[in-house]
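What follows is a set of notes on a single structure, which appears directly below.
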Amino acid sequence: MPHHTPLIGTIVAGLVVAFIMGAIAHRLKLSPLVGYLIAGIMVGPFTPGFVADAGLANELAEIGVILLMFGVGLHFSLKDLLSVKNIAVPGALVQIGVATLLGMGLAHLMGWGLMGGIVFGLALSVASTVVLLRALQGADLVETRRGRIAVGWLIVEDLVMVLALVLLPALASVMNSADGAGASALIAPLLGTLLKVAGFVALMLIVGRRVIPWALHWVVHTGSRELFRLAVLAIALGVAFGAALAFDVSFALGAFFAGMILGETPLSRRATEETLPLRDAFAVLFFVSVGMLFNPSIVVEQPLPLLATILIIVIGKSIAAWGIVRAFGHANVTALTIAASLAQIGEFSFILASLGTGLGVLPEDARDLILAGAMASIFLNPILFSMIVRKHERADDEGEAQKQPDRPRMGHVILVGYGRVGKLIAARLHERNVHFVIVEGDAEKVEEAQEAGLSVVKGNALEDKHLLAAGICEARHLLIAVPEGFEGGAIHEHARHLNDKLQVIARAHSDAEVAHLEGLGVPHVVMGERELAGRMLTLCGVS
């Protein structure tokens, strides 16, 4: 059996080079996404050296899109989706219209036909699922009002693109018809697509709402974690594939509804944890696959059309989205967040470009501009998004200052993590009237702690601003209750940099984590297994 196959080579090259370039980008204070895109260029067909299989890379990337949308659905209820319909539906439709008109204008200047202009404009109008969600997750905005609007907007765009992909062949046939008699051919595909989407949604809400939770609850009662993990992946991938096969909707849309149904059950948090590693790995392959499509020669051959394409994506779409959100009465910070998150293109753009060239209505030059525009916009988007988030990081969803917990007296305790262990620690501290502040990044856990009347700072303890908000400079003790010992070590280093007199107690799960934490100078490390063993020996009279 050969040791090298296209599939293995693509996965290995993609992940290894992405890790190296992502680490370099992180070191240079850039988004790791930039490194992943550069990695794609390095293993692509337009640079010397190893060339990965672009077709396989795209298929692997699609799995990442499915898992990512499934994860978003887990935290996005039907109520949340309906709550933003008044802005997401008209906003997405108007923004698609504006971007399409801008693209048609550029196409006219380039001398392309009307159909070519329509396809080109549509390809520039739809944002990438992966890029948008990565940006929102990185800024911890997915579960905020701004995040819900952006995700709802994205779903409407996906639905419009599903209709466009179905209607495009019929529309091309009508436009190519000399007498235009084929115009009535548009009605059947349109009605058929609407019925299929409605049928899929109805099936998920009526049948899926009963079958998916029942199946997972049955698996949980088997006691097998491996089987539970497999069940979650089977639901995410199976529903996405079935939706595309039977109802002609996108993989992303099918996975989103599967996650949304599962998100209404108590098992949603565990399902999120089980899919997280695979989701991140395959999402990286998406960015690598985008980088592989980029041909650097287009920068020299068509600099002005490329610049115009990028301006439409990054500036034209953003201004349109900003104006729409402001017109609906939302704050400037909300409008800027939506505008920045949509200032890029991705998966559907590539599909439209391929279909357009296959039908002979889109010139190959236009396809190259779409791919190059996607590459440039994905490169620029994290930078643009981080600038806006940094500028408004103290604002809440409507532009007001974020509420911080009441500052406790000097010498208080900071508890990092409100999971199973963190909750027990918090309950004991609360019982003994010890003043403490929790630092937690998970929105559900933050809400749970706030409902219990506890002081909470929402955010990542690896960021100085959140430690400062918790009063790290005045604190006496830092209790690191997160389950990952290596992450705990990084938190310890950040905290001691801000307060070198801080007494730190960290949690570990293995001897390697204990050694790592002690090597960093953590004075007290608690390993759960050792404490359990000691307690059990004490109870049986063995000291």
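In this chain, numbering begins with 1 at the start of the sequence shown. Model, not experiment: these values are computed from the prediction.
Contacts classified as ring-ring contact (aromatic ring centres under 6.0 Å, His included) and involving residues 490-537 (residues at least two apart or in different chains) are given here: Phe486-His516. Residue pairs meeting the salt bridge (Lys or Arg N to Asp or Glu O under 4.0 Å) criterion with at least one partner in residues 515-533, sequence neighbours excluded, are Asp511-Arg530.
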Applying side-chain contact (heavy atoms from CB on, under 4.5 Å) to Arg145 and Thr334, what does each step give before you reach the verdict?
CA-CA 8 Å; Arg145 174 71 175 175; Thr334 302; 5.7 Å; no

Walk me through it: do Ile212 and Met204 pass the test side-chain contact (heavy atoms from CB on, under 4.5 Å)?
CA-CA 9 Å; Ile212 292 176; Met204 291 301 298; 3.9 Å; yes

Test log, rule side-chain contact (heavy atoms from CB on, under 4.5 Å), inputs Ser318 and Leu342:
CA-CA 7 Å; Ser318 297; Leu342 296 169; over 6 Å; no

Run Leu415 and Val439 through side-chain contact (heavy atoms from CB on, under 4.5 Å) and show every step you take.
CA-CA 6 Å; Leu415 172 62; Val439 180; over 6 Å; no

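Between Gln450 atom CD and Lys458 atom NZ the span is 9.0 Å, to the nearest 0.5 Å. We find the OG1-CZ distance between Thr10 and Phe50 to be 5.5 Å, quoted to the nearest 0.5 Å. Distance check: Leu285 CG to Ile63 CD1 gives 9.0 Å after rounding to the nearest 0.5 Å. Once rounded to the nearest 0.5 Å, the distance linking CG of Leu262 with CZ of Arg209 reads 12.5 Å. Within the model, atoms CG of Asn381 and CD1 of Ile345 stand 11.5 Å from one another, a figure rounded to the nearest 0.5 Å. Atom CD1 in Ile235 sits 10.0 Å away from atom CG in Leu230 (nearest 0.5 Å).
Contact of the Trp153 side chain with the Val89 side chain is not registered, since no non-hydrogen atoms from C-beta on lie closer than 4.5 Å. Inter-residue side-chain proximity for Leu237 and Phe241 is flagged as unmet; no heavy-atom pair is nearer than 4.5 Å. Residues Val333 and Arg146 form a side-chain contact, since some pair of their non-hydrogen atoms from C-beta on lies under 4.5 Å apart. Contact check for Arg326 versus Asn332: side-chain heavy atoms found under the 4.5 Å cut-off. Side-chain contact between Phe257 and Val239 is absent, with no heavy atoms from C-beta onward closer than 4.5 Å. Side-chain atoms of His330 and Ile149, non-hydrogen and from C-beta on, do get closer than 4.5 Å to each other. Considering only heavy atoms from C-beta on, Val151 comes within 4.5 Å of Phe256 through its side chain. Between Glu493 and Leu520, some side-chain heavy-atom pair lies under the 4.5 Å cut-off.
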Listed pairs under 3.5 Å, donor-acceptor, residues 499-506 side chains, sequence neighbours left out:
residue, atom, partner, partner atom, Å
Asn499, OD1, Lys501, N, 3.1
Asn499, ND2, Ile472, O, 2.9
Asn499, ND2, Ala475, O, 3.1

Which pairs would a plain distance check flag for residues 417-425, meaning a side-chain donor or acceptor within less than 3.5 Å of a matching protein atom at least two apart in sequence or in another chain?
residue, atom, partner, partner atom, Å
Lys423, NZ, Glu448, OE1, 3.2
Lys423, NZ, Glu448, OE2, 3.0

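Within 6.0 Å of CZ in Phe19 there are 12 or fewer heavy atoms belonging to other residues, nucleotides or ligands. Counting non-hydrogen atoms of neighbouring residues, nucleotides and ligands closer than 6.0 angstrom, the NE2 atom of His26 reaches no more than 12 such neighbours. Taking a 6.0 Å sphere around CZ of Phe379, one finds it holds 12 or fewer heavy atoms contributed by other residues, nucleotides or ligands.
Residues Ala335 and Val325 approach most closely at CA-CG1, 3.6 Å, considering heavy atoms. Residues Gln95 and Ile324 come closest through the heavy atom pair N-CD1, 3.7 Å. Closest non-hydrogen pair, Ala57 versus Met292, comes out as CB-SD, 3.9 Å. Nearest heavy atom pair, residue Ser83 against residue Arg148, reads OG-NE, 4.5 Å. Nearest approach of Phe436 to Leu454, heavy atoms of both residues: CZ-CD2, 3.8 Å. Nearest approach of Leu67 to Ala236, heavy atoms of both residues: CD2-CB, 4.3 Å.
Legend: residues meeting side-chain contact (heavy atoms from CB on, under 4.5 Å) with Pro382, ordered by chain and number and at least two apart, are Ser31, Leu33. With sequence neighbours excluded, the residues that form a salt bridge (Lys or Arg N to Asp or Glu O under 4.0 Å) with Arg229 are Glu274.
In this structure, His221 contributes its side chain and His217 its backbone to a donor-acceptor pair below 3.5 Å.
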